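So the structure is just underneath, and the comments pick up after that.
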Amino acid sequence: MYQQKNNVRVRFAPSPTGPLHIGGVRTALFNYLFAKKHGGKFILRIEDTDSARFVSGAEEYINESLKWLDLTIDEGVVEGGAFAPYRQSQRKDIYKKYADLLIEKGWAYYAFDTPDELNALREQYEAEKKTFAYDNSTRLLLNNSLSLNNDEIQVRIASGVPYVIRFKMPENVTVNINDMVRGEVSFNTSTLDDKVLYKSADQLPTYHLANIVDDHLMEITHVIRGEEWLPSVPLHAMLYRAYGWEDTMPQFAHLPLILKPNGKGKLSKRDGDKEGFPVFPLQYTSSEGETSAGYRESGYFPEAVINLLALLGWNPGTEQEIFTCDELANLFTIERVNKSGARFDPEKARWFNHQYLKAKSNSELAALFVPVLNEKGVSVADISTVERIVGLIKERVNFVAEMWEQCHFFFVAPEGYDEKVVKKHWKEMIPPFMQTVVATLQMQNHWEANTLKTSVSELITANGQSFGTVMNALRLSLTGGSFGPDLFTIIEIIGKDETVRRINRATGELS
């Protein structure tokens, strides 16, 4: 059981290096739910210190994704807040001050080794079947302020020789952390190298320094992030110790991976491309022109995506599967987050969307369906008819775009007829009997499904015909196949003139 802190403040801190993976969205969601559960603040911080991997438009993509999912940000680049700026590239001067402070306190040092020198060392070690690490066993042999005298150091810095600032990891110190998901985790510093914290070349910090300094200055109380960051915990804990901030160090929670549907490993874009499902919240087009599918453009409702992601790695302890976001926030507890990875199931994702589609009112669905009809060249004169039609078919579809396939015959006459249905049901007696059906329908004054069904049923019985054969032939005439909702509801909705026209056309073309 973790210790609850007052004034809960959590942050989602993505890097703008490309589209936001749904694993990142789930991290944002769990932070959001935790904040709402405890009446806290949900902060969006853009960690853009990796200038080499920066992708133009990625920050806007992140903001648009969270907005679409209705994960309201309390503080951020757009929203502002008392701890602004929330974009790390605008906080450069802050990080340099704190990097220098570590050097003053003896917890860090300047390193002047060039990339070529370090690569040569790695190759030398590999040739000896060893692994090179910049750590307590090698640091005094290398080109840094621990091995150089003070005059040499000052001359190099003054003359603009590029350097990095490395953390001086102490030897053989045990670091114990009570992770909110995984319980007690322990590390020994002797297994760790001296990580780079700051680079003079671009005057920017690395992730490790920037996120620790920002979390402290922004008064973050809980760091909820993916398990890939678990190996960084001992360094981060040692940085808090080095600064003397141990009393305000946030509590850590490392979330399980989202695993691919089949096989081993975490869910990737390649899995989505291979099996035909999105792994990004919104459609994304790379600078090379490659387009990746998004949940929004694929027809998913944002609330369905939220529900899906909430149950990937967390469970409420009940059989309930459908939740509003408010219900999730009320129920969410870190204790019910799983340690093991959560396997992504594309079919379950579609099932969630189906549940939310069914729950929507016919008027909501009709409004969403009208643009699809317009794309098909259908102009809507009577929205109430569209509302009735979507009500008939919404149980049959997972997405609004699929409705056309299930109900196109309400709006346009069939252009052809299913050959298998024709062969099975368009018997020799059907054409002449269809003319009898047409005559019966034309005499109807009360054009309502039940009345029409009664009249046609009585006609079939009186003439000794097969109900199955006649009804299937009639459906074929009206829809072009053997699908669709109640036959006489179709007849009622398309109207007398259109019904007669379609029966006559089918009789002429199939006879």
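Counting begins at 1 with the first residue of the sequence. Hydrogens, waters and symmetry mates are skipped; everything else that's a heavy atom, side chains included, is used. For clarity, every value in this text was computed on a predicted model and none was experimentally measured.
A salt bridge links Asp50 with Arg53: the closest approach of a Lys/Arg side-chain nitrogen to an acidic carboxylate oxygen falls below 4.0 angstrom. A salt bridge links Lys96 with Asp100: the distance from a Lys NZ or Arg NE/NH1/NH2 to an Asp or Glu carboxylate oxygen falls below 4.0 Å. Using a 4.0 Å cut-off between charged side-chain N and carboxylate O, Asp194 and Lys168 make no salt bridge. A salt bridge links Lys195 with Asp193: the distance from a Lys NZ or Arg NE/NH1/NH2 to an Asp or Glu carboxylate oxygen falls below 4.0 Å. Ion pairing between a basic and an acidic side chain is recognised when a charged N comes within 4.0 Å of a carboxylate O; Lys269 and Asp273 show such pairing. Ion pair Glu402/Lys394 not flagged as a salt bridge, since none of the NZ, NE, NH1 or NH2 atoms sits closer than 4.0 Å to an Asp/Glu carboxylate oxygen. A salt bridge is absent between Glu47 and Arg87; no separation between the charged side-chain nitrogens and carboxylate oxygens falls under 4.0 Å. Residues Lys67 and Glu60 are not paired through a salt bridge, judged by the lack of any N-O separation under 4.0 Å between the basic side chain and the carboxylate. Between Glu303 and Lys360, at least one side-chain N (NZ, or NE/NH1/NH2) sits under 4.0 Å from a carboxylate O, which counts as a salt bridge.
The environment of CD in Glu405 is sparse: at most 12 heavy-atom neighbours from other residues, nucleotides or ligands sit within 6.0 Å. Other residues, nucleotides and ligands contribute at most 12 non-hydrogen atoms within 6.0 Å of the NZ atom of Lys274. Atom NZ of Lys41 sits in a sparse spot, with 12 or fewer heavy atoms from other residues, nucleotides or ligands closer than 6.0 Å. The local environment of NZ in Lys339 is sparse, with at most 12 non-hydrogen atoms from other residues, nucleotides or ligands closer than 6.0 Å. By the neighbour-count criterion of 12 heavy atoms within 6.0 Å, atom NZ of Lys37 is densely surrounded, having more than that number from other residues, nucleotides or ligands. Counting heavy-atom neighbours within 6.0 Å of Asp93 CG, excluding the residue itself, gives a total of 12 or less. For CD of Glu297, the number of neighbouring non-hydrogen atoms (other residues, nucleotides, ligands) closer than 6.0 Å is greater than 12.
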- Message: Is there a side chain to side chain donor-acceptor pair (under 3.5 Å) between Asn143 and Arg156? Walk through the geometry before answering.
- Response: CA-CA 11 Å; Asn143 193 9; Arg156 292 188 183 208; 2.9 Å; yes

- Task: Could you check Tyr86 against Asp214 for side chain to side chain donor-acceptor pair (under 3.5 Å), going step by step and ending with a plain yes or no?
- Result: CA-CA 9 Å; Tyr86 293 91; Asp214 285 345; over 6 Å; no

- Determine, stepwise, if the pair Asn353 / Tyr295 fulfils side chain to side chain donor-acceptor pair (under 3.5 Å). CA-CA 10 Å; Asn353 209 64; Tyr295 276 87; over 6 Å; no

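For an aromatic pair to be called close, the ring centres must be under 6.0 Å apart, and Tyr110 with Tyr163 satisfies this. Checked against a 6.0 Å centroid threshold, the rings of Tyr198 and Tyr98 do not count as neighbours. Between Tyr32 and Phe12, the gap from one ring centroid to the other reaches at least 6.0 Å.
Here the side chain of Arg296 pairs no donor or acceptor atom with the backbone of Pro281 at under 3.5 angstrom. Using a distance-only test at 3.5 Å, with no hydrogens or angles considered, no donor-acceptor pair links the side chain of Gln203 to the main chain of Ser200. The closest donor-acceptor contact from the side chain of Ser286 to the backbone of Thr291 lies at 3.5 Å or more, if one exists at all. Proximity of a side-chain donor or acceptor of Arg225 to a complementary backbone N or O of His254 within less than 3.5 Å is not detected. Of the possible donor and acceptor atoms, none in the side chain of Tyr300 sits under 3.5 Å from a partner among the backbone N and O of Pro278. In terms of modelled atom types and a separation under 3.5 Å, the side chain of Asp271 and the main chain of Ser268 share a donor-acceptor contact. Using modelled atom types, no side-chain atom of Glu275 and backbone atom of Gly272 make a donor-acceptor pair closer than 3.5 Å.
With respect to Trp107, the ring pair (Phe, Tyr, Trp, His ring centres under 6.0 Å) criterion is satisfied by exactly one of Tyr240, Phe167, Tyr243: Phe167. Evaluated for a side-chain contact (heavy atoms from CB on, under 4.5 Å) with Trp314, the options Val337, Leu33, Leu309, Leu255 yield exactly one hit, Val337.
The side-chain contact (heavy atoms from CB on, under 4.5 Å) check on Ser361 picks up Ser363, Glu364, with sequence neighbours excluded.
Heavy-atom minimum distance, Thr174 versus Ser186: CG2-OG, 3.5 Å.
A donor-acceptor pair shorter than 3.5 Å can be found between the side chains of Asn188 and Ser190.
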